[in-house]
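Here is the structure we will look at, set down as structure tokens.
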Amino acid sequence: MMMKQHDNKETVEVDALLKAARDPVPDVPDGLMARVLADAAALQPAQRGVVREKPGLWMRWTDLLGGWQGMGGLVAATCAGVWIGLNPPAALPDAGVLLLGYETADITTTTAELTSFGWDLNGE
């Protein structure tokens with residue numbers, strides 16, 4: 001491949017810089033490299049043993065349950081369980097009916113009868 005003559009001075013300078021970059025880098029003398037490394041080693045701080053504290057109980061439980069992602073899933077499931085427990089769908093039996101020992105939920109007419117313990121909360 002033939003090189004073209006360049007008329008532009010900047011292009012000639014860039015070509016010279018690229019040619020210099022392609023040239024191999026001269027090796028550093030061994031004595032100089034040894035002195036530089038000795039100076040660098042002298043300036044490094046002394047390496048100390050790292051003492052890690054034992055993780056606390058909360059961190060161990062969090063790790064056991066799958067990290068923060070697992071804890072987030074457990075919180076979501078707990079919220080859903082509380083919501084369904086307090087306001088169950090029509091297809092599920094009411095927990096108050098089961099806990100108070102009624103055979104069926106048809107015995108009571110309202111939820112207030114199950115939760116008011118005989119007090120007249122409605123003022124009727």
Side-chain angles (χ1 to χ4, degrees):
M1 175 184 223
M2 289 196 52
M3 298 283 293
K4 294 182 181 178
Q5 285 287 349
H6 296 290
D7 296 332
N8 191 351
K9 180 181 175 184
E10 293 175 4
T11 307
V12 173
E13 290 175 358
V14 169
D15 286 342
L17 290 173
L18 290 174
K19 183 179 180 293
R22 282 190 294 259
D23 291 341
V25 179
D27 290 333
V28 178
D30 291 335
L32 175 62
M33 185 58 76
R35 288 191 308 271
V36 168
L37 291 176
D39 288 343
L43 294 176
Q44 292 292 321
Q47 191 174 22
R48 293 181 282 183
V50 178
V51 178
R52 291 185 176 235
E53 292 183 20
K54 186 177 178 183
L57 181 64
W58 179 251
M59 287 304 297
R60 287 186 290 183
W61 271 101
T62 302
D63 290 341
L64 179 70
L65 295 173
W68 291 110
Q69 295 86 1
M71 294 289 284
L74 287 175
V75 167
T78 302
C79 291
V82 168
W83 182 8
I84 292 171
L86 293 176
N87 188 15
L92 293 177
D94 192 5
V97 173
L98 295 174
L99 290 175
L100 293 176
Y102 291 112
E103 293 296 322
T104 64
D106 297 333
I107 296 173
T108 61
T109 57
T110 63
T111 308
E113 292 176 5
L114 293 174
T115 58
S116 65
F117 301 109
W119 299 329
D120 187 16
L121 298 176
N122 295 332
E124 296 175 0

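The structure presented is a predicted model; accordingly, all values stated were derived computationally and were not measured.
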Q. Atom OG1 of Thr62 and atom CD of Gln69: how far apart are they, to the nearest 0.5 Å?
A. 11.0 Å

Q: With the side chain counted from C-beta on, respond yes when Arg60 and Asp63 share a heavy-atom pair under 4.5 Å apart, and no when they do not.
A: no

(Q) Taking Met59 as the starting point, is it possible to reach Met71 by hopping between hydrophobic residues whose side chains are less than 4.5 Å apart? (A) no

Q. Does Leu57 share a hydrophobic cluster with Trp68, counting links as ILVMFWY side-chain heavy atoms below 4.5 Å and allowing steps through other members?
A. yes

Q.
If you count heavy atoms of other groups shown closer than 6.0 angstrom to CG of Asp23, is the number above 12?
A. yes

Q) Are Leu32 and Leu37 connected in a single hydrophobic cluster, I mean Ile/Leu/Val/Met/Phe/Trp/Tyr linked by side-chain heavy atoms less than 4.5 Å apart? A) yes

Q | Co-membership, hydrophobic cluster, residues Val36 and Leu43, 4.5 Å side-chain | A | no

Q.
Please tell me whether Val75 and Trp61 are part of a single hydrophobic cluster in this structure, the criterion being side-chain heavy atoms less than 4.5 Å apart.
A. no

